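Worksheet: one structure, shown below.
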2 protein chains.
Amino acid sequence: MSAKIKDVAAAAGVSVATVSRALGSGPVSAALRQRVEEAAKQLGYRPNLSARRLRSQHTQTVGLIVSDIRNPFFTAVSRAVEDAAYQAGMRVILCNTDENPDKEAMYLRLMEEERVSGVIFSPTRDTARRLRPDAYDFPVVMIDRAGPAGQADAVVLDNRLAARQLVEHLVAQGYRHIGGLFGNTSSTGAERHAGFEAALAAHGLAGEGRFIAPTAEAAEAVVTQWLAEEQRPDALIASNGLLLLGALRALQRAGLSSPHDLALAGFDNEVWTGLVGNGLTVIEQPVYEIGRTAMEMLLSRLDDPGLSIRSVVLAGRLLVRGSTSPHPSA
Amino acid sequence: MSAKIKDVAAAAGVSVATVSRALGSGPVSAALRQRVEEAAKQLGYRPNLSARRLRSQHTQTVGLIVSDIRNPFFTAVSRAVEDAAYQAGMRVILCNTDENPDKEAMYLRLMEEERVSGVIFSPTRDTARRLRPDAYDFPVVMIDRAGPAGQADAVVLDNRLAARQLVEHLVAQGYRHIGGLFGNTSSTGAERHAGFEAALAAHGLAGEGRFIAPTAEAAEAVVTQWLAEEQRPDALIASNGLLLLGALRALQRAGLSSPHDLALAGFDNEVWTGLVGNGLTVIEQPVYEIGRTAMEMLLSRLDDPGLSIRSVVLAGRLLVRGSTSPHPSA
DNA sequence: AGCCAAAATGTAATCGATTTCAATTGCTAC
DNA sequence: GTAGCAATTGAAATCGATTACATTTTGGCT
């Protein structure tokens with residue numbers, strides 16, 4: 001079994017308290033500190049974090065609960081969160097819920113048992129709505145999705161603006177029959193839909209938004225059917241990377257291409273969106289900044305719990321590529 | 001502050017030992033168990049995992065140390081590991097090293113301090129070589145990459161075979177001047193290179209393999225230069241998804257396309273490989289199975305530490321797509 | 001009813017660290 | 001030389017659970 005603090009104390013000829021202080025940040029004479037460090041290294045001493053956490057009553061741990069770890073958006077965010085966390089001397093527990101409210105509940109319970117310092121969370125719409133701000137002993141920062149305003153700290157994209165940017169761009173390019181695909185489990189989908197509708201209305205246009213399960217398969221099926229309908233749209237917007245992927249696959253399977261048969265645009269600047277054809281027009285999210293900001297918000301709230309609830313809203317960036325070049329008839 | 005076991009005991013009118021047993025798996029009468037459960041729910045009791053781990057001396061935690069969480073291969077593997085872990089009642093700590101030996105050392109140290117039950121690890125070549133099997137108190141299962149044979153449990157792809165399959169396929173399609181890009185930080189790169197060379201030699205061909213940093217940027221730069229050389233290869237193999245991405249970008253930037261100007265093939269069936277042009281020919285790795293198997297190996301070794309060291313070698317699957325259709329001159 | 005083994009419950013030790021509080025040491029100043 | 005004070009060090013309590021061991025209760029059997 002590995003060495004304990006008692007062994008180090010014995011080896012260095014001091015008390016356990018001195019060892020704790022020498023290895024930590026207590027007041028210890030230079031001579032003793034050196035003796036202790038030497039003994040610790042000699043014995044290969046590793047402090048037991050469970051014991052430390054139990055006694056000190058802070059875990060230096062944050063939970064990061066994301067809805068889909070395979071989504072590059074969340075892996076990028078989690079990289080940022082981890083970088084910031086380790087820089088602040090904290091650890092991260094990464095949890096993946098698959099958009100499943102049961103898993104969300106399970107992981108939140110786990111976070112309580114771990115006595116985490118705080119949680120960064122991208123909840124499903126149901127959970128976001130249900131979540132009471134004071135239900136937990138730790139602060140929660142929402143990312144990507146937010147509940148009712150003022151409920152908890154959050155850092156999100158300006159979803160309405162981003163959707164509007166896409167619509168404006170398509171309209172400017174001459175498209176008039178614009179369809180939209182939106183995820184039906186997140187508040188994000190709803191907000192992007194709202195921006196979509198508002199922008200179309202501003203131009204006196206009526207678009208058709210469809211809410212579907214947030215998977216590429218669902219999107220592919222829906223779009224395949226959509227393309228076969230009488231009134232095929234001349235442009236399509238997908239509200240996240242997975243839906244965009246499904247839409248693209250449906251196009252390819254139908255032997256259609258962008259922008260020739262149909263303009264295609266969406267959210268998330270995933271690696272492949274720059275590779276296919278002449279590129280897909282997308283809204284790029286400031287992924288790293290989202291993660292870093294979430295961690296910063298969490299740290300500052302831990303520092304001062306009295307702060308009032310804040311929402312940070314970040315703007316996306318429209319990347320215009322070939323899939324939305326001017327409408328053929330224009 | 002949240003309720004402790006003592007509070008539950010008081011509320012239920014029993015001793016703390018009884019609470020522990022009732023909530024755990026001790027012998028308790030049905031009546032008491034119910035009373036305890038009620039009291040626990042009433043108080044919103046959450047056991048403190050730090051205290052439990054300290055006393056019980058097992059953490060039910062495994063560490064998963066991967067070299068790049070943005071690589072879809074590792075996110076898929078980590079999904080599998082987490083699924084299997086939670087099914088076995090264990091938690092996962094996910095760590096990301098960026099192929100950086102210092103970070104590897106840091107995280108291994110963290111694993112010791114966490115007193116994890118075991119670790120699943122994709123080490124850099126340097127660390128794999130240095131790692132002593134008995135250096136840690138916990139078992140280690142290597143994934144994707146392995147050190148010297150018999151050093152630790154491992155689950156890996158049959159890299160030589162997979163590289164050979166690619167070369168055989170290209171040769172059969174009529175290609176003769178085959179270049180290869182291999183990562184220079186992992187044993188995987190070296191093995192795939194060995195299979196590459198061996199397969200070419202078997203046909204009396206001499207290929208050129210280049211070892212580079214495992215990033216898309218490095219691959220793009222190298223391939224861009226390569227394409228400008230006098231003796232341009234007629235086919236290119238990339239030993240992982242990132243390198244393949246870089247190679248593809250270099251082709252696109254040079255205004256070339258596959259297979260017309262150059263055949264392109266590689267490892268990892270990433271989402272975009274099926275989308276670009278007529279698709280890229282790749283070796284698909286059984287990603288989920290790799291993760292699940294690694295977790296199973298770890299669990300069985302924890303169950304019986306006396307087991308002899310095992311390596312599980314899984315075969316990849318060649319997915320033939322448009323990027324390697326027959327050589328124009330054939 | 002009486003006895004014994006088995007089952008249920010309680011008491012107290014324990015895990016390995018940090019932290020409180022007390023004791024000691026070393027200086028400075030008079 | 002010693003009082004006073006700050007800086008070090010040590011002894012022991014403590015964090016919140018599990019578990020070894022002791023004790024009580026239960027139930028079966030004669």
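Since the model is a prediction, treat every value here as computed from it, not as a measurement. Within every chain, numbering begins at 1; the chains are lettered A, B, ... in the order of the sequence lines, protein sequences first and strands thereafter.
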Closest to the A/Pro27 side chain: C/dT14, C/dA17, D/dT8? D/dT8
For a quick check of understanding: with a heavy-atom distance under 4.0 Å over all strands, which category does B/Ser20 fall into, base, sugar-phosphate or nothing? base
Counting only side-chain N and O atoms of A/Tyr45, is one of them less than 4.0 Å from OP1 or OP2 of C/dG16? no
Round to a whole Å and report the spacing from CZ of B/Arg55 to C1' of C/dA17. 15 Å
If you only use heavy atoms from C-beta on, which nucleotide in C/dA17, D/dG10, D/dA17 is closest to the side chain of B/Asn48? D/dA17
Looking at C/dT19, I'd like to know if its phosphate oxygens (OP1 or OP2) sit under 4.0 Å from a side-chain N or O belonging to A/Gln57. no
Would you say the base of C/dT18 and the side-chain of A/Arg52 have a donor-acceptor pair closer than 3.5 Å? no
With sugar-phosphate meaning primed atoms plus P, OP1 and OP2, does B/Leu49 contact a base, only sugar-phosphate, or nothing at under 4.0 Å between heavy atoms? nothing
Is there, by distance only and without an angle test, a donor paired with an acceptor across the side chain of A/Arg21 and the base of D/dG10 below 3.5 Å? yes
Nearest to side-chain heavy atoms of B/Val28, which nucleotide of C/dT9, C/dG16, C/dG10: C/dT9
Within the structure shown, what part of the strands sits under 4.0 Å from A/Arg46 by heavy-atom distance: base, sugar-phosphate, or nothing? sugar-phosphate
Compare all side-chain heavy atoms of B/Leu108 with those of B/Leu131 and state whether any distance is below 4.5 angstrom. yes
Of D/dT18, C/dT19, C/dT9, the nucleotide closest to the side chain of B/Thr18 is C/dT9
Tested for side-chain hydrogen bond (donor to acceptor under 3.5 Å, both in side chains) against A/Lys103, the lone hit among A/Thr97, A/Asp98, A/Asn96, A/Thr124 is A/Asp98
Nearest 0.5 angstrom please: B/Thr59 OG1 to B/Ile93 CD1, how far? 8.0 Å
B/Ser300 side chain vs B/Glu296 backbone, donor-acceptor pair below 3.5 Å: yes
